[in-house]
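Let me begin by presenting the structure, written as structure tokens, before commenting on it.
Each chain gets a letter, A, B and so on, in the order the sequences are listed, and its residues count up from 1. For clarity, every value in this text was computed on a predicted model and none was experimentally measured.
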Amino acid sequence: MQAARRYFKSFASGFVVAVPVTVTFLDYVGYVARVEGASMQPFLNPEDRSFNDVVLLNRWSVRNFKVNRGDVVSLASPRDPEQRIIKRVIALEGDTVRHTFKMPGTRTYKNRYVRVPSGHFWVEGDNFGHSLDSNFFGPVSVGLVHARASHILWPPQRWQRIEPSLPTDRRPLDQETIDHLEEQGAVTVPKT
Amino acid sequence: MQAARRYFKSFASGFVVAVPVTVTFLDYVGYVARVEGASMQPFLNPEDRSFNDVVLLNRWSVRNFKVNRGDVVSLASPRDPEQRIIKRVIALEGDTVRTRTYKNRYVRVPSGHFWVEGDNFGHSLDSNFFGPVSVGLVHARASHILWPPQRWQRIEPSLPTDRRPLDQETIDHLEEQGAVTVPKT
């Protein structure tokens with residue numbers, strides 16, 4: 001009887017301690033998550049697979065909100081804070097980014113140039129036309145970033161470390177082009 | 001020797017366990033913080049005091065990002081995510097705000113956003129400067145002033161009389177005139 005009670009007490013305290021230890025680990029180190037949706041195709045959830053990718057989300061690497069161009073990050077959606085979205089970082093504060101948007105009611109796309117305000121960044125899904133991203137909601141507060149996707153863990157054939165990488169057509173504009181655009185008054189500086 | 005080692009081991013495990021337990025408490029329940037600056041005067045840090053107010057920040061109440069008009073909240077600044085600012089919630093998504101010094105006079109707050117202001121008009125960097133703010137930046141609700149003791153109080157949601165929501169008739173009228181700006185998000 002005594003031994004059983006002691007066992008139960010040890011078990012219960014172990015169990016209770018495991019909760020804050022686990023929570024702290026998930027919040028400060030990282031965890032694993034399944035990617036939903038097609039906005040990051042073909043990099044994540046490519047169409048020929050029937051399973052969704054599972055990625056490792058590194059919380060520690062974004063604890064100071066330091067992200068790099070080309071990183072794949074998870075963030076709270078600016079449209080709904082309870083929804084998490086996964087996108088690629090295209091531009092950081094101070095950058096001039098080409099914003100591609102569709103003229104309403106048509107199939108034509110137009111370009112304009114936006115200066116990313118301080119405390120913000122510009123994110124896009126790799127799957128152009130199938131992603132709700134900065135092209136729709138503009139620069140996003142960096143404070144919404146949640147984690148950096150560091151690895152694809154599943155399926156095993158797609159196991160890889162995720163390196164920061166920008167699509168060739170989304171590289172930063174060179175300074176000459178930026179100066180030229182500014183002279184033309186073509187760069188929009190959103191107020192924040 | 002044996003007793004000392006056992007004591008040390010118990011102490012060490014207690015110490016190590018305390019870290020995640022405390023961190024989880026601070027992150028999910030709340031903690032105490034000193035208010036810096038004058039942007040919420042006269043409600044917080046009124047000028048006649050030499051000490052800064054200390055408030056209780058309730059993290060649990062914002063875990064689902066549900067805030068109310070009139071709440072005093074702490075949030076990450078849209079201009080610098082590492083900086084925490086404390087402001088009053090003036091309007092929620094879908095509301096129409098009559099702004100004070102913003103580039104547009106009337107703004108429809110987009111979904112997923114809210115409008116915050118410091119009580120000290122003219123001495124606050126808030127939505128009047130940076131526009132509607134993503135609700136995802138909210139960190140905690142200030143539930144009590146804890147210090148100094150004379151100012152101990154529960155903080156109730158309350159809007160200044162000149163910052164109340166516009167009535168529907170006024171909003172309809174403004175919309176007819178095309179005076180309401182709907183930021184794209």
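A pairwise comparison of heavy atoms in Pro81(B) and Gly119(A) identifies CD-CA, 4.1 Å as the closest pair. Across all non-hydrogen atoms, the minimal contact from Thr24(B) to Pro20(A) is OG1-O, 3.2 Å.
Ile85(B) and Val54(B) fall into different hydrophobic clusters, where Ile, Leu, Val, Met, Phe, Trp and Tyr side chains are chained together by heavy-atom contacts under 4.5 Å. Met40(A) and Leu132(A) end up in different hydrophobic clusters when Ile, Leu, Val, Met, Phe, Trp and Tyr side chains are linked at under 4.5 Å. Hydrophobic clustering, with ILVMFWY side chains joined whenever heavy atoms are under 4.5 angstrom apart, keeps Phe136(A) apart from Val97(A). Residues Val180(B) and Val97(B) do not share a hydrophobic cluster, clusters being chains of Ile/Leu/Val/Met/Phe/Trp/Tyr side chains in contact below 4.5 Å. Follow the hydrophobic side-chain contacts under 4.5 Å out from Ile86(A) and you never reach Leu92(A); the two are in separate clusters.
For the pair Arg79(A) and Glu93(B), the salt-bridge criterion is not met [side-chain N within less than 4.0 Å of a carboxylate O].
Enclosure of atom CD in Gln184(A) by more than 12 non-hydrogen atoms of other residues, nucleotides or ligands within 6.0 angstrom is indicated.
Proximity to chain B (any heavy atom under 4.5 Å) is restricted, for Val17(A), to the side chain, taken from C-beta onward. Contact of Tyr28(A) with chain B is made through the side chain alone, with heavy-atom distances under 4.5 Å. Both the backbone and the side chain of Asn64(A) come within contact range of chain B, judged by heavy atoms closer than 4.5 Å.
If you tally non-hydrogen atom pairs under 4.5 Å between each of Asp80(A), Val19(A), Val21(A) and chain B, the highest count goes to Val21(A).
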